[in-house]
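The structure appears right after this line, and notes come after that.
Here is how names work: the chains are called A, B, and so on, in the same order as the sequence lines, proteins then strands, and each is numbered from 1.
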Amino acid sequence: MFFARQKKEFGQVVSHDIVQEKVIDALQDALQEAKRKGQLKVESIPTLTLDLPKRPEWGDLASTVAMSLAPSERRAPYDVAQIILDNIVRREALFDRVEIARPGFLNMTVKRDLWLQVLAEIESRGQAYGRMALGQGRRVLVEYVSANPTGPLHVGHGRGAAVGQAIAKLLQATGYEVVQEYYINDAGRQMKLLGASVYAKYQELLGRPVSFPAEGYRGAYIETVAAHVREQAGESVLNLSAEQAEQRCRELAYRELLENIRQDLRAFGIEFDAWFSEASLLASGGVEQVLSDLRARDLLFDQDGAWWFRSSSFGDEKDRVVRKQEGDYTYLASDIAYHRDKLQRGYDLLIDVWGADHHGYIPRMEAVVQAYGYPKERLRVVLVQMVNLLRGGRKVEMSKRAGEFITMREVMDEVGADAAKFFFLMRRSDTHLDFDLELAKQQSAENPVYYVQYAHARIASLFRVAEERGLPVPKPSAADLSLLRDPDEFGLIRKLSAYPSVVQGSAAALEPHRLTFYLQELAGLLHTFYFKHRIMPVAADQDVAEAAAFVKDASEMGKQREQVSPDLTGARLALMYAVQQVLRNGLGLLGISAPERM
RNA sequence: GCGCCCGUAGCUCAGUCGGAUAGAGCACGAGCCUUCUAAGCUCGGGGUCGCAGGUUCGAUUCCUGCCGGGCGCGCCA
């Protein structure tokens with residue numbers, strides 16, 4: 001990890017786990033009651049959160065309130081816990097057991113019925129399970145990728161795309177109104193260089209020897225574009241002045257390369273709501289307008305023939321040039337105008353997804369936001385670190401200078417969009433990522449993408465087999481869930497109940513990898529369950545003696561073949577239904593497909 | 001030098017608000033296909049949470065110092 005995780009979270013933190021909600025309510029009521037009776041002072045009711053204990057003896061859920069209240073109550077944690085415990089009303093309705101452990105943990109074992117309600121909740125909410133109205137419709141603009149249209153997207157952009165999209169989807173799921181935008185850097189020096197590079201190649205193609213621009217773009221795609229220029233314009237460009245010719249090449253190249261970017265992103269499953277052109281900002285006079293506004297407010301000044309933005313007044317370490325001595329605007333000038341435009345469009349929050357090498361730029365942009373009178377928290381920058389491509393453990397060398405880099409398209413074509421996205425989202429975005437192409441293609445448990453998708457497909461397969469065999473396939477509301485008694489079943493249910501809070505935490509921290517981890521854990525529980533337990537009875541056409549012999553063998557191995565009654569089959573299929581729904585919802589938020597068969 | 005960050009198993013990394021005996025995957029070793037998909041499962045060894053202090057009933061988590069590493073400090077994007 002090389003960069004700060006932004007810990008500032010926005011939005012109130014609440015639990016959306018139906019079991020936890022009930023438990024928290026009960027604890028809160030108990031605190032109130034104790035206060036009313038004068039047993040506890042409880043000056044302010046703390047925001048209660050529950051821990052998931054590591055050991056089964058500690059119950060399903062644990063609370064540490066008693067310990068945090070103890071100092072202000074001037075009582076031993078254990079006594080505080082005891083008072084809380086005594087004041088829980090209708091304890092039997094909610095809990096099988098509540099115990100106080102050593103310093104003052106309240107360890108609670110929730111009634112099985114309550115857990116089972118999670119399955120019904122998943123069924124009734126369906127695709128909406130894990131969605132919540134936390135954001136209350138507040139508007140968020142997520143800007144990401146925003147690569148210069150001077151060449152194809154490379155792997156790093158792919159990671160940015162996956163991260164940006166996942167963040168957008170997570171925020172949508174938590175009740176924000178989200179717009180996804182791509183900022184096109186179609187003005188300035190880089191575009192000029194693009195035009196010059198293509199023009200040089202074009203001339204070369206037509207046999208006119210020229211020297212290639214010193215810092216020009218050297219990728220093979222430049223030749224492709226140059227060839228297209230020749231197809232479209234023939235030799236006519238040769239007759240233009242150098243300046244006009246470069247401009248012509250720039251326009252054609254820009255159009256083609258931007259179109260390629262759009263297509264690559266589309267193939268990657270990413271659709272932007274808006275494409276915002278930097279050039280349009282300059283053309284409309286927006287940049288000049290903004291700068292003169294700043295000057296009027298004494299936030300812009302002249303020095304050494306350049307124009308400076310007084311960013312140091314807002315926490316930046318020094319002031320920054322917005323117009324160079326020669327009269328060109330710097331990229332900061334456009335960015336100032338662009339961010340003001342975004343702010344004025346009325347978003348409650350701006351999210352910028354940047355390459356991590358731009359992290360020094362953050363104080364500057366925060367200064368911009370504050371210069372317009374907004375709190376700097378209005379902008380949150382998500383940094384995306386480099387991707388190290390590996391092939392079978394060995395590093396794939398890339399040199400951007402020589403124009404040799406692996407494109408996002410190549411990776412997508414090789415491993416598929418789903419695998420690429422999953423890998424991009426497996427680590428916190430601001431840490432370096434090792435991406436092994438061989439591993440991403442591998443069809444085995446070592447490949448985490450397949451591991452998770454396979455869990456979904458496996459369940460789909462169960463349903464197909466059940467149908468074929470004419471077995472009823474009840475949803476949770478139609479099954480006798482009381483037959484679910486095995487700890488492995490409850491392990492799954494507990495995991496399912498935690499899904500909404502994972503989504504919420506992931507969205508609040510803008511960290512999609514948390515969801516990726518969760519899905520791997522859920523898939524792991526599913527695979528274990530599948531292996532250890534039967535869902536359906538042994539097929540009728542299977543030879544009984546053969547089956548019996550197998551049972552003997554199996555038990556010698558320590559495995560037990562269970563007897564599964566039709567009702568238990570129904571209950572387990574209903575459980576599978578819920579697991580599949582959550583897998584599908586979670587993969588959906590990551591922009592990854594949930595296949596029916598593999 | 002200044003600033004921002006990072007240091008958790010051999011490797012790559014999780015660890016939310018300070019909680020109980022610190023987790024996963026890979027790799028390594030030993031096993032499991034007559035099954036509802038083996039694209040799967042089981043078991044095992046592995047740790048001074050960089051070091052030293054501090055705050056706390058309790059620190060991987062918060063604070064300070066040190067060691068090691070990264071990045072930024074352009075009128076480049």
Side-chain angles (χ1 to χ4, degrees), chain A residues 1-5 7 9 13 47 49 51 53-55 58 62 64 67-68 70-71 76-77 101-105 107 148 150 185 188-190 215 304-308 317-318 320-326 328 330-332 335 355-363 385 393 426-428 430-434 436 439 442-451 453-455 457-466 469 501-502 504-506 508-509 511 513-514 516-517 520-521 524 527-528 530-532 534-539 542-543 546-547 549-550 553-554 557-559 561 597-598:
Chain A
M1 273 158 267
F2 299 92
F3 297 98
R5 172 166 34 150
K7 287 193 174 166
E9 302 198 349
V13 178
T47 329
T49 54
D51 293 329
K54 276 172 256 170
R55 311 183 62 179
W58 296 336
T64 57
M67 277 146 16
S68 44
R102 275 161 273 160
F105 290 97
N107 290 338
N148 293 347
T150 54
N185 289 105
R189 197 174 108 86
Q190 302 307 317
E215 291 173 86
D304 306 329
W307 297 3
W308 299 71
E317 59 187 13
K318 58 189 210 179
R320 309 290 175 175
V321 169
V322 292
R323 207 185 83 150
K324 310 176 201 174
Q325 285 178 336
E326 316 89 82
D328 289 341
T330 64
Y331 56 95
L332 179 59
D335 273 348
D357 51 334
H358 292 62
H359 85 274
Y361 200 61
I362 295 175
Q385 260 293 6
M426 264 193 327
R427 305 263 177 266
R428 249 181 41 205
D430 60 358
T431 67
H432 281 281
L433 172 71
D434 287 338
D436 196 313
L439 176 60
Q442 205 169 307
Q443 301 194 342
S444 74
E446 281 89 77
N447 184 346
V449 193
Y450 285 105
Y451 188 78
Q453 288 185 320
Y454 183 52
R458 213 170 204 186
I459 294 171
S461 168
L462 282 172
F463 292 146
R464 283 193 299 271
V465 172
R469 288 171 53 177
S501 32
V502 172
Q504 190 236 303
S506 206
E511 291 181 354
H513 77 275
R514 296 191 194 188
T516 315
F517 271 86
Q520 292 183 81
E521 288 161 9
H527 289 309
T528 297
Y530 180 92
F531 184 80
K532 279 173 73 175
R534 285 208 64 89
I535 315 287
M536 286 169 268
V538 178
Q542 198 165 333
D543 187 298
E546 215 174 73
F550 178 75
D553 277 2
M557 307 292 183
K559 281 197 293 182
R561 174 167 284 191
R597 52 180 90 226
M598 293 171 72

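- For the pair A:Pro53 and A:Ile535, nearest-nucleotide mapping onto RNA chain B gives the more 5' position to A:Pro53.
- On the C1' atoms, B:C49 is 31 Å away from B:C41, given to the nearest whole Å.
- Annotation: B:G18 and B:C4 have their C1' atoms spaced 24 Å apart (nearest Å).
- When the C1' atom is compared between B:U12 and B:G31, the two are found 26 Å apart, to the nearest whole Å.
- Residues A:Glu215 and A:Arg189 have side chains in contact (heavy-atom distance under 4.5 Å, counting atoms from C-beta outward).
- Base-pair partner of B:C36: not found among the strands shown (Watson-Crick or G-U wobble, both distances under 3.5 Å).
- The 5' end of RNA chain B is approached more closely, in terms of each residue's nearest nucleotide, by A:Gly360 than by the other of A:Gln325 and A:Gly360.
- Spacing between B:C62 and B:C43 at atom C1', rounded to whole Å, works out to 39 Å.
- Separation of the C1' atoms belonging to B:G68 and B:C51 is 10 Å when rounded to the nearest angstrom.
- Closest contact between the side chain of A:Thr528 and the listed nucleotides B:U42, B:C73, B:G15 involves B:U42.
- B:U48 and B:U8 are spaced 12 Å apart, taking the C1' atom of each and rounding to whole Å.
- With centres under 5.5 Å and a plane angle under 30°, the ring of A:Trp58 is stacked against the base of B:A20.
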